[in-house]
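The next block holds one structure in the form of structure tokens; read it before the comments.
All of these numbers come straight from a predicted model, not from anything done at the bench. We name chains A, B, ... by the order of the sequence lines, and we start the count at 1 in each one.
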Amino acid sequence: MINLNKTFSTTLKPIPPYNFDSTVLKPAHYPDPLKVYEAGKYWFVLRLNKKVYGIKLLNKGVVNKPEIQIVIFSKTKPSQNEIKDIIEEVSYRFEFQRDISEFFKKFKKDKVLSPFIKRWYGMHGSCAQDLYGLLMIGIFLQNTVIKRTVQMTKNMLEKYGIKVKFDNKEVYYFWTPEEIIKIPEKELRNLKVGYRAKLFIKLSQSFIKEKINEYELRQLPVEEAKERLLKLYGVGPETVRILLVEALHHYDIFDHIAPWQQKIYSRLLFNKKLVSVDKIIKYVNSKWGEWAGLAASYIWENIFWKRKQGKKIDWLEKEIRL
DNA sequence: CATCAGGGCCCTG
DNA sequence: CAGGGCCCTGAT
């Protein structure tokens with residue numbers, strides 16, 4: 001267990017509109033011990049430049065005049081440069097400086113989208129993990145049910161991850177690639193991750209050897225980033241979609257739908273049980289173009305927020321199998 | 001008790 | 001390009 005103390009705090013001003021809660025928390029995600037959320041508050045662990053920080057975000061503003069207090073917890077007092085790097089990284093992950101007002105201007109009167117925009121005005125995409133961390137999550141999701149995904153995540157984090165205590169919260173984060181490649185595959189398999197054990201090792205080796213540079217990937221156009229990520233062993237169309245949309249924040253891609261998602265989109269967009277994947281993709285892209293990915297997320301997250309807020313949606317429960 | 005699909009992907013033929 | 005196999009687990 002790593003104990004961290006409060007060492008720095010400041011207030012940031014994201015570009016409006018910025019909706020804090022719907023940006024930091026994505027109820028469509030499976031429950032994990034990687035963050036703690038309370039209304040207007042968010043705790044997570046940041047691994048940056050070989051150091052470990054606890055980060056607390058506090059909503060101090062409103063959607064049209066957003067202010068976020070960021071509190072840094074660390075072992076030693078961070079230097080000015082360290083602080084600058086941390087703030088830059090957190091700003092990227094939560095899109096404090098991304099102006100998406102164009103999206104709202106363009107679609108506030110859109111027949112389909114307008115009610116969702118009204119409800120979640122200022123919601124951005126976000127990802128508290130780095131690319132490597134999200135990739136690990138992507139592997140946990142492969143070819144299984146959510147219950148087992150949750151179990152595998154817990155097993156692996158408790159054995160090989162780091163448990164960080166700060167601000168009276170306990171939050172986990174992932175191991176480093178360097179650490180996990182030293183573990184024999186058999187030992188990983190003992191944690192009931194199955195064939196994924198091999199993937200964790202191979203992928204971690206790729207991150208070290210091929211020097212997969214997240215910062216470089218962030219600069220690439222979506223198709224180029226996609227091409228590079230698909231070269232990774234164990235990364236296919238669904239995992240790459242997760243990485244592109246969440247870790248690399250691409251709003252302009254909507255080209256893959258897994259079967260369980262197909263059922264949900266069919267209901268949400270067409271009010272039908274099952275519409276072909278091809279038809280859904282064409283519909284979303286033709287309607288919302290370069291904003292297709294973000295538009296889809298407004299419709300997608302909305303139903304999961306309703307669920308989180310206690311609304312019973314029988315057909316949805318059947319599809320997500322928690 | 002046995003069988004099987006599941007929030008994919010790789011490999012083979 | 002289709003289809004089998006992979007790990008394990010809860011559901012049937």
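Note on residues 266-277 of chain A: no pairs pass side chain to side chain donor-acceptor pair (under 3.5 Å), not counting sequence neighbours. Among pairs with a residue in residues 130-140 of chain A, none fulfils salt bridge (charged side-chain N to carboxylate O under 4.0 Å, His left out), at least two apart in sequence or across chains. Listed by first and then second residue, the salt bridge (charged side-chain N to carboxylate O under 4.0 Å, His left out) pairs that reach into residues 82-93 of chain A are A:Lys51-A:Glu82, A:Glu89-A:Arg93, A:Glu89-A:Arg218, sequence neighbours excluded. Applying the salt bridge (charged side-chain N to carboxylate O under 4.0 Å, His left out) test to every pair with at least one member in residues 104-123 of chain A, sequence neighbours left out, gives these pairs: A:Lys106-A:Glu290.
In this structure, A:Lys6 is not positioned above the aromatic face of A:Phe73 in the sense of NZ or CZ being under 6.0 Å from the six-membered ring centre and within 45° of the axis.
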Collect all protein-nucleotide pairs involving nucleotides 10-13 of chain B in which both atoms are nitrogen or oxygen and the distance is under 3.5 Å.
{"from": "B:dC10", "atom 1": "OP1", "to": "A:Gly234", "atom 2": "N", "distance (Å)": "2.9"}

Can you give me the N/O atom pairs linking the protein to nucleotides 2-4 of chain B at distances under 3.5 Å, or say none if there are none?
none

Please write out each protein N/O paired with an N/O of nucleotides 8-12 of chain C under 3.5 Å, distance rounded to 0.1 Å.
{"from": "C:dC8", "atom 1": "O4'", "to": "A:Arg148", "atom 2": "NH2", "distance (Å)": "2.9"}
{"from": "C:dC8", "atom 1": "O2", "to": "A:Arg148", "atom 2": "NH1", "distance (Å)": "2.9"}

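Put simply, CZ on A:Arg241 is 15 Å from C1' on B:dC9, counting in whole angstrom units. Residue A:Tyr30 contributes atom OH, which lies 13 Å from atom P of B:dG8 at whole-angstrom precision. In this structure, CD1 of A:Ile146 is placed 19 Å from P of B:dA5, rounded to the nearest angstrom. Computed from coordinates, the A:Ile139 CD1 to C:dC6 P distance equals 19 Å when rounded to whole Å. What separates CG of A:Leu229 from C1' of B:dG8 is a distance of 16 Å, to the nearest Å. Look at NZ on A:Lys198: it is 11 Å from C1' on C:dG5, rounded to the nearest Å. For A:Glu238 and B:dG8, the CD to P distance is 7 Å, given to the nearest whole Å. Atom-to-atom, OH of A:Tyr195 to P of B:dG8 comes out at 8 Å; the value is rounded to the nearest Å.
Atom name P, nucleotides C:dC7 and B:dT12: the rounded distance is 15 Å, in whole Å. Nucleotides C:dC1 and B:dG7 are separated by 24 Å at their C1' atoms, to the nearest Å.
Shown here are the side-chain hydrogen bond (donor to acceptor under 3.5 Å, both in side chains) partners of A:Asn64, two or more places apart in sequence or in another chain: there are none. Qualifying side-chain hydrogen bond (donor to acceptor under 3.5 Å, both in side chains) partners for A:Arg47, counting only residues two or more places apart in sequence or in other chains: none. A search for side-chain hydrogen bond (donor to acceptor under 3.5 Å, both in side chains) contacts involving A:Thr7 returns A:Ser74, not counting sequence neighbours.
Under the 6.0 Å cut-off for aromatic ring centres, A:Phe104 and A:Tyr121 qualify, their centroids lying closer than that. Checked against the 6.0 Å centroid threshold, A:Phe200 and A:Phe140 count as a close aromatic pair. Within the 6.0 Å centre-distance limit, the rings of A:Tyr92 and A:His249 are counted as a close aromatic pair.
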Listed pairs under 3.5 Å, donor-acceptor, residues 222-229 of chain A side chains, sequence neighbours left out:
{"from": "A:Lys226", "atom 1": "NZ", "to": "A:Asp255", "atom 2": "OD2", "distance (Å)": "2.5"}
{"from": "A:Arg228", "atom 1": "NH1", "to": "A:Glu216", "atom 2": "OE2", "distance (Å)": "3.1"}

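Here the CH2 atom belonging to A:Trp300 is positioned 10.0 Å from the CG atom belonging to A:Leu269, to the nearest 0.5 angstrom.
No engagement by A:Thr149 is indicated, since no non-hydrogen atom pair under 4.0 Å with the nucleic acid exists.
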Worksheet entry | Structure string for DNA chain B in dot-bracket form, Watson-Crick and G-U at under 3.5 Å, | interchain | .|||||.||||||

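The closest side-chain heavy-atom distance from A:Trp288 to A:Phe254 is not below 4.5 Å.
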